[in-house]
Amino acid sequence: MRYLHTMVRISDVDESLKFYCEVLGMREMRRVDHEGGRFTLIFLAAADDRRRAAEETAPLLELTHNWDPEDYTVGRNFGHLAYEVDDIYETCRRISDAGVTINRPPRDGRMAFIVSPDNISIELLQKGEALAPQEPWASMENSGSW
C-alpha cells in the first residue's frame, strides 16, 4: 500500500491557490476538469516533494472544487494536514507577513497551526529537534480554533 493524497474541498480556486501556492510554497502538479460531475481536481506538491511528485511517487494534496456552490462546514473536514518545515519561526513569520493568522503559535519551537481559507487546519512541524523558544512566539496566545 502507498499513500497517494489527501483531499480537501475548496470553495474558491483562486483564493485557495494563493494560500497553498503563494503562502505555503506548494506547486500545482496537475489539474483535471470533470464536466459530467461538475468538479475540478487540482493536485499540489510541497516544495520538498516536487521532484518525487513529478514521478508520481510523493503524496499530494488534492483540492476538489465543486462547480455548484456549497457551504462547507467543519463537519465535512477532517483532522488536519501536516507539513514538516526547515525553520518553524521563519515559516510562521513569512505566513504571518502574508496576512495569515497563526492560530497556535510555535511557542515550543516545534509545532504551529494555521487555517486555510476553507477552514482546513494545517499543522506545521519543525524538522528534526525543536528550536529553542523565541519571542514573539514564546509568549503569543492561541487565536481562534484549529
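These numbers come from the heavy atoms of this one structure, side chains and all, not from hydrogens, waters or symmetry mates.
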Original post:
Within the side chain of Arg110, is there an N or O that forms a donor-acceptor pair under 3.5 Å with the backbone of Gly128?
Top reply: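 Yes; at least one donor-acceptor contact below 3.5 Å.
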Original post:
Judged by atom type as modelled, is there a donor-acceptor pair below 3.5 Å linking the side chain of Asp33 to the main-chain atoms of Glu35?
Top reply: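 Checking the backbone N and O of Glu35 against the side chain of Asp33, no donor-acceptor pair under 3.5 Å is found.
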**OP:** Please lay out, stage by stage, how Val13 and Ile42 fare under the test side chain to side chain contact (heavy atoms under 4.5 Å, CB included).
**Re:** CA-CA 9 Å; Val13 170; Ile42 304 167; 3.8 Å; yes
**OP:** Kindly indicate, with the supporting measurements, whether the criterion side chain to side chain contact (heavy atoms under 4.5 Å, CB included) is fulfilled by Ile114 and Phe19.
**Re:** CA-CA 11 Å; Ile114 59 175; Phe19 176 78; 3.8 Å; yes
Subject >> Note: Asp49-Arg52 ion pair, threshold 4.0 Å (strictly below) >> reply: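 Yes, this pair counts.
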**OP:** Flag the pair Arg93 and Asp97 as a salt bridge only when some basic side-chain nitrogen lies within less than 4.0 angstrom of an acidic carboxylate oxygen.
**Re:**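 Yes, Arg93 and Asp97 are salt-bridged.
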**OP:** Mind checking salt bridge (charged side-chain N to carboxylate O under 4.0 Å, His left out) for Asp68 and listing every partner two or more places apart, or none if nothing turns up?
**Re:**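 Once residues adjacent in sequence are excluded, the partners of Asp68 under the salt bridge (charged side-chain N to carboxylate O under 4.0 Å, His left out) criterion are Arg38.
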With a 4.5 Å cut-off on side-chain heavy atoms, are [Y] and [X] touching?
| X | Y | value |
| --- | --- | --- |
| Asn142 | Arg107 | yes |
| Leu17 | Leu44 | yes |
| Thr6 | Leu81 | yes |
| Arg9 | Asn66 | yes |
| Leu63 | Val8 | yes |
| Leu124 | Pro106 | no |

side-chain contact (heavy atoms from CB on, under 4.5 Å) with [X]: which residues, sequence neighbours excluded?
| X | value |
| --- | --- |
| Ser145 | none |
| Asp48 | Lys127 |
| Glu55 | Arg51, Thr57 |
| Met140 | Pro105, Pro136, Trp137 |

[X] side, atom [atom1]; [Y] side, atom [atom2] - distance, nearest 0.5 Å:
| X | Y | atom1 | atom2 | value |
| --- | --- | --- | --- | --- |
| Asp118 | Glu15 | CG | CD | 7.0 Å |
| His65 | Ile10 | NE2 | CD1 | 6.0 Å |
| Gln126 | Tyr89 | CD | OH | 8.0 Å |
| Ser121 | Asn103 | OG | CG | 7.5 Å |
| Ile122 | Ile95 | CD1 | CD1 | 8.0 Å |
| Leu125 | Thr91 | CG | OG1 | 11.0 Å |

**OP:** Any pair with a residue in residues 21-58 that passes ring-ring contact (aromatic ring centres under 6.0 Å, His included), sequence neighbours left out, goes on the list, sorted by first then second residue, please.
**Re:**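 Applying ring-ring contact (aromatic ring centres under 6.0 Å, His included) to every pair that reaches into residues 21-58, excluding sequence neighbours, yields His5-Phe43, His34-Phe39.
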Taking all heavy atoms of [X] and all of [Y], pick out the closest pair and write down the distance.
| X | Y | answer |
| --- | --- | --- |
| Ala45 | Leu60 | CB-CD2, 3.7 Å |
| Ala46 | Met26 | N-CE, 3.7 Å |
| Ala53 | Ala58 | N-CB, 3.6 Å |

Original post:
Hey, is CZ on Arg27 packed in by over 12 heavy atoms from elsewhere, all under 6.0 Å?
Top reply: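 It does not: Arg27 CZ has 12 such atoms or fewer within range.
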**OP:** Step through the shown structure and confirm whether more than 12 heavy atoms of other residues, nucleotides or ligands are within 6.0 Å of CD on Glu135.
**Re:**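 Above 12, so yes.
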